[in-house]
Amino acid sequence: MGAAGRFAPSPSGELHIGNLRTAVLAWLFARSSGRRFLIRVEDLDRARAGFEAQQLDALAAIGLDWDGEVVRQTERGPIYQRALEQLAEGGLVYECFCTRREIAEAPSAPHAPEGAYPGTCRNLTDAEREERRQNRPAALRLRADTASYTVADRLHGDYTGLVDDFVLRRNDGVPAYNLAVVVDDAAQGVDQVVRGDDLLSSAPRQAYLAQLLGLPPVEYAHVPLVLNERRRRLAKRDGAVTLDALAMAGFNAAAVRRMLLESLRLPDAPLDQLAANFRPDALPLEPWIFDPPQVALSRG
Ligand code: GLU
């Protein structure tokens, strides 16, 4: 199968220039290291009709290509189920009946890091579980035996972050992002994960879970985000941030690609040529501040 990198968008809306920049980087990291480049549609959650095709068109429009068929998470239920069963057989899964509010209001366990699940449902008795099942379907959580884990990141070095009893399957039966991502990356031969650095704090949980499942570790590169002038994450209301809107403002896909490459301090050359000369160490590490052109956006 061979090693692979990937881009894994959630089809919840149009890709904006920040997503496209991350995709270009994921492509460059993969191709410059002789890996395959895969696209996986993370449609378990937040999927909205029509956006998958639009996102793929946008990726192709800025010159990216990918190997094999696009994989959709909604078509892979059984593989997530098998991973859950494997963990459950090892005693590593428990039912959780907490609402968000209960979690927010629960006193945190002594020495528990900020933001960690307080462990409310970790040691329920069989009778308590049975009683709670009458009121609310259970989510499934990982019984983690560590509070932190360290991953190696190409741009951030060794990064140690929180691991708690995170959710593996939501209480509506949908596999959680952290489980699906780990299972899919391994099943697809992905050994290089390049994505926005908003997900850096999720990497320790994912690497820890991969290890519990006996899956090989991946190499990470969490790349800087694109921010607006107020240093907030770029959003549609900031102006023309998607390919369509930028086209209305007079920037076609080739022009957007040029802007992206310039922001990465790369010349406007064919992507294959850029891959041949790609040096991750020379990438800017600070966020790219993008001041979008203003257009009258008539469509929501
Ligand atoms: N689907 C996630 C997102 O669009 C990315 C997940 C990942 O790259 O691991 O934010």
Side-chain angles (χ1 to χ4, degrees), residues 3-30 35-48 50-59 64 66 70-76 79-80 83 149 151-156 159 161-163 166-168 170 174-211 213 215-227 232-236 241-243 287:
R6 47 60 159 195
F7 182 63
S10 303
S12 56
E14 282 178 73
L15 295 176
H16 62 54
I17 191 160
N19 309 128
L20 293 171
R21 188 174 187 256
T22 300
V24 167
L25 283 171
W27 188 98
L28 285 170
F29 268 95
R35 287 178 167 87
R36 295 177 302 137
F37 181 66
L38 311 178
I39 303 285
R40 180 170 73 234
V41 176
E42 302 213 319
D43 57 352
L44 287 173
D45 192 18
R46 298 183 293 146
R48 287 164 64 199
F51 285 119
E52 176 188 321
Q54 195 172 27
Q55 291 186 341
L56 297 178
D57 287 349
L59 294 172
L64 300 185
W66 49 90
V70 167
V71 161
R72 272 175 219 95
Q73 289 187 322
T74 45
E75 293 167 0
R76 297 161 71 76
I79 102 163
Y80 309 129
Y149 201 74
V151 298
D153 187 280
R154 202 51 213 263
L155 304 178
H156 296 260
Y159 172 83
L162 170 75
V163 174
F166 57 88
V167 172
L168 299 168
R170 303 182 337 195
V174 176
Y177 158 67
N178 282 318
L179 175 77
V181 118
V182 166
V183 168
D184 282 336
D185 281 339
Q188 295 184 276
V190 169
D191 66 344
Q192 180 191 59
V193 170
V194 177
R195 59 188 177 190
D197 62 15
D198 53 332
L199 289 170
L200 178 61
S201 63
S202 297
R205 288 188 180 88
Q206 294 170 7
Y208 174 68
L209 179 60
Q211 185 230 308
L213 285 164
L215 302 173
V218 302
E219 149 187 328
Y220 292 102
H222 287 89
V223 303
L225 297 181
V226 180
L227 305 179
R232 293 273 172 72
R233 222 191 272 207
L234 209 58
K236 258 188 156 174
V241 297
T242 64
L243 272 193

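We number each residue from 1, following the sequence as shown. As the structure lists them, so they are numbered: ligands from 1, and atoms in each ligand from 1.
Closest heavy-atom contact between I39 and L56: CG2-CD2, 3.8 Å. Heavy atoms only, all atoms of each residue included: Y159 and L200 are closest at CE2-O, 3.5 Å.
Contact annotation: for Y177 versus ligand 1, heavy atoms closer than 4.0 Å belong to the side chain alone. Using a 4.0 Å cut-off between heavy atoms, V193 makes no contact with ligand 1 at all.
In this structure, atom 3 (C) of ligand 1 lies nearest to the protein heavy atom S10 OG, 3.6 Å. Remark: minimum distance from atom 10 (O) of ligand 1 to any protein heavy atom is reached at L199 CD1, 4.2 Å. Closest to atom 6 (C) of ligand 1, if we only count protein heavy atoms, is E42 OE1, 3.2 Å. Considering only non-hydrogen protein atoms, atom 5 (C) of ligand 1 sits nearest to A8 O, 3.4 Å.
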Review point. Is there a side chain to side chain donor-acceptor pair (under 3.5 Å) between Q188 and R6 once you walk through the steps?
Key: CA-CA 9 Å; Q188 295 184 276; R6 47 60 159 195; over 6 Å; no

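Between the side chains of Q206 and Y149, no donor-acceptor pair is found at a separation under 3.5 Å.
A donor-acceptor contact shorter than 3.5 Å is absent between the side chain of E219 and the backbone of V194. Judged by distance alone, the side chain of Q55 and the main-chain N or O of S10 form a donor-acceptor pair under 3.5 Å.
Considering backbone and side-chain atoms alike, R6 places an N or O below 3.5 Å from some N or O of ligand 1.
Of all atoms in ligand 1, numbered sequentially from 1 with element shown, those under 4.0 Å from a heavy atom of V181 are 9 (O). Every atom of ligand 1 with a heavy atom of R195 under 4.0 Å away is listed here by number and element: 7 (C), 8 (O), 9 (O).
In this structure, R170 pairs ionically with D45, as a charged nitrogen and a carboxylate oxygen lie closer than 4.0 Å.
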